[in-house]
Amino acid sequence: ENDRRRQNILIEQVHQLPLGLAIWTEQCRLTAAVSATSLTVTVDSTTDLDLRVGELGLVYNSAQKFDVLRITGKTATTVTFESGLLNGYSVGDYVMPLRIGRLPRSVDGSRYPVTVQGMRVNFVVEDNHTGIPEASTTGWSSLDGKVLLDDFNFIQRTASESRTRDLIVLDNEIGLVSQTARETEDKRAHAKTWITKTKAELYKLRKLLMHFRGRQVSFKIPTFAEDIVVTQTLTSGSNLMTIENIWFSRYVVSGRTFRITFTDGTSVVRTVTASTELSASEERLTLDTNWSTTKTAAEVRRVEFIEDVRLDSDSIVIQHGEYQGKASIATQVRQVQ
């Protein structure tokens with residue numbers, strides 16, 4: 001009840017002012033008690049947390065007992081502040097980043113019959129310019145100088161997908177209609193979802209997304225679909241692959257790249273240099289590289305095309321779970337030529 005009353009008074013009186021926002025998803029805990037006036041606190045770990053030197057940090061015990069101080073240094077197990085603490089703290093108390101944000105014009109919520117109230121508050125953070133995690137592709141696969149997202153794509157029930165092409169239509173509504181296209185292929189857009197389970201996985205993914213800079217930097221991604229079915233043995237020393245007829249030779253130009261994954265867990269990437277139709281049921285692809293080992297068709301688990309794509313939005317939402325490091329990021333990617 002008291003929390004509800006404090007919350008209402010706070011919003012009513014300081015709606016127009018900058019507010020401090022505790023980043024609970026980046027918390028660590030004190031492993032040693034600390035007294036007032038201390039400059040340095042000892043914590044369990046600052047690794048893979050967004051505690052930024054030069055920005056604000058929060059040492060927290062309760063809504064009545066906390067300190068907000070500027071961080072001047074950190075190690076794997078310590079955080080140092082610009083000035084001494086006003087309060088003493090015990091083992092298990094929290095240390096986390098604090099950002100300065102402002103509220104939108106409207107703060108919405110729900111009121112229940114007795115004492116419960118909920119507010120949905122979106123903060124626009126203003127101090128996000130110092131000490132942000134460095135963009136990095138470390139730990140991610142690459143292909144032809146670009147990031148290759150060969151990790152899993154998590155799908156619940158279905159995933160959205162669309163194909164677009166910039167068409168030019170000439171139609172005066174009384175004669176023949178002429179239609180052509182600017183591009184040689186459709187641009188496919190589809191969902192990509194990451195699930196992280198640890199702080200390290202989430203931090204690694206955040207640094208990768210910063211490398212993409214929204215829609216600016218392209219990367220490579222498999223279709224996560226069974227695009228090709230191998231029908232004959234892949235022979236060591238040969239660069240041929242016989243597949244189920246999917247009209248590849250009829251409609252697809254050479255240069256398509258695919259990833260082939262085998263039942264033993266290994267996978268390789270190959271590019272098609274030529275193709276020919278053998279019969280109504282089979283086609284033969286010529287590849288840029290010979291097979292290093294012989295594999296039967298039964299040993300092929302999946303063959304999926306690899307596309308050049310970019311993120312389809314500059315806004316990425318991280319949905320945090322019930323424990324630190326558990327999160328999901330769902331976004332759309334769009335094919336580029």
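Just so it is clear, the structure is predicted and the values come from calculations on it, not from any experiment.
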> Can you check whether Thr40's main-chain N or O pairs, donor with acceptor, with Ser38's side chain at less than 3.5 Å?
Replying inline: no

>> Evaluate Met241 against Val230 for side-chain contact (heavy atoms from CB on, under 4.5 Å), listing each step before the verdict.
In response: CA-CA 7 Å; Met241 183 169 77; Val230 177; 3.9 Å; yes

> Is a salt bridge present between Asp44 and Arg29, judged by a nitrogen-to-oxygen distance below 4.0 Å?
Replying inline: no

> Can you list the steps and then say if Lys199 with Asp50 is a salt bridge (charged side-chain N to carboxylate O under 4.0 Å, His left out)?
Replying inline: CA-CA 10 Å; Lys199 292 189 300 179; Asp50 198 5; over 6 Å; no

>> Are more than 12 heavy atoms, taken from residues, nucleotides or ligands other than Leu17, located less than 6.0 Å from that residue's CG atom?
In response: yes

>> Ile329 and side-chain contact (heavy atoms from CB on, under 4.5 Å): which single residue from Val317, Leu209, Thr193 fits?
In response: Leu209

> Can you tell if the side chain of Ile306 reaches within under 4.5 Å of the side chain of Leu143, non-hydrogen atoms only?
Replying inline: yes

> Regarding Asp151 and Trp194, is there a side-chain donor-to-acceptor distance under 3.5 Å anywhere?
Replying inline: yes

>> Does either side chain, that of Ser141 or that of Asp150, offer a donor lying less than 3.5 Å from an acceptor on the other one?
In response: yes

> Do other residues, nucleotides or ligands put more than 12 heavy atoms under 6.0 Å from Gln16 CD?
Replying inline: yes

>> Can you see whether Ser249 engages Glu283 through a side-chain donor-acceptor pair at a distance of less than 3.5 angstrom?
In response: yes

> Can you name the nearest heavy-atom pair linking Val107 to His15, along with the distance?
Replying inline: CG2-CE1, 3.7 Å

>> Under the side chain to side chain donor-acceptor pair (under 3.5 Å) test against Asp312, which residue among Gln335, Arg334, His190, Arg215 passes?
In response: Arg334

>> Using the rule side-chain contact (heavy atoms from CB on, under 4.5 Å), only one of Leu69, Leu98, Leu21 pairs with Leu56; which is it?
In response: Leu98

> Do the side chain of Gln13 and the main chain of Leu10 share a donor and acceptor less than 3.5 angstrom apart?
Replying inline: no

>> Check this for me: Lys197, atom NZ, are more than 12 non-hydrogen atoms of other residues, nucleotides or ligands nearer than 6.0 Å?
In response: no

>> Check this for me: Asp314, atom CG, are more than 12 non-hydrogen atoms of other residues, nucleotides or ligands nearer than 6.0 Å?
In response: yes

> Any side-chain donor paired with an acceptor under 3.5 Å for Thr235 and Thr233?
Replying inline: no

> Are side-chain heavy atoms of Val272 and Phe258 found at a separation under 4.5 Å?
Replying inline: yes

> Are Arg120 and Asp108 within salt-bridge range, i.e. N to O under 4.0 Å?
Replying inline: no

>> Check the orientation of Phe219 and Phe212. Use parallel for under 30°, tilted for 30 to 60°, and perpendicular for over 60°.
In response: parallel

> Does a side-chain N-to-carboxylate-O contact under 4.0 Å join Arg188 and Glu161?
Replying inline: yes

> Gln332 and side chain to side chain donor-acceptor pair (under 3.5 Å): which partner among Ser160, Ser313, Ser162?
Replying inline: Ser160

> How would you list all residue pairs meeting ring pair (Phe, Tyr, Trp, His ring centres under 6.0 Å) that involve residues 17-45, not counting sequence neighbours?
Replying inline: Trp24-Tyr60, Trp24-Tyr94

> Looking at Glu183 and Arg165, does any basic side-chain N land under 4.0 Å from a carboxylate oxygen?
Replying inline: no

>> Atom CZ of residue position Arg250 - does it have more than 12 heavy atoms of other residues, nucleotides or ligands inside 6.0 Å?
In response: yes

> Side-chain contact, heavy-atom cut-off 4.5 Å: Leu148 with Ser142?
Replying inline: no

>> Donor-acceptor check, side chain of Ser236 to backbone of Ser292, threshold 3.5 angstrom: yes or no?
In response: yes

> Can you tell me if CD on Gln319 sees more than 12 non-hydrogen neighbours from other groups inside 6.0 Å?
Replying inline: no

>> Less than 4.0 angstrom from a charged side-chain N to a carboxylate O is my criterion; do Asp227 and Arg256 meet it?
In response: no

> Would Arg182 and Ile168 count as a side-chain contact (heavy atoms from CB on, under 4.5 Å) if you check the C-alpha gap in whole Å, the side-chain angles of each, and the deciding distance to 0.1 Å?
Replying inline: CA-CA 7 Å; Arg182 297 181 188 275; Ile168 302 173; 3.9 Å; yes

>> Please determine whether the number of non-hydrogen atoms from other residues, nucleotides or ligands lying under 6.0 Å from atom CZ of Phe66 exceeds 12.
In response: no

> Do Val43 and Thr78 pass the side-chain contact (heavy atoms from CB on, under 4.5 Å) test, and can you show the C-alpha distance, the side-chain angles, and the key distance before you say yes or no?
Replying inline: CA-CA 6 Å; Val43 297; Thr78 64; over 6 Å; no

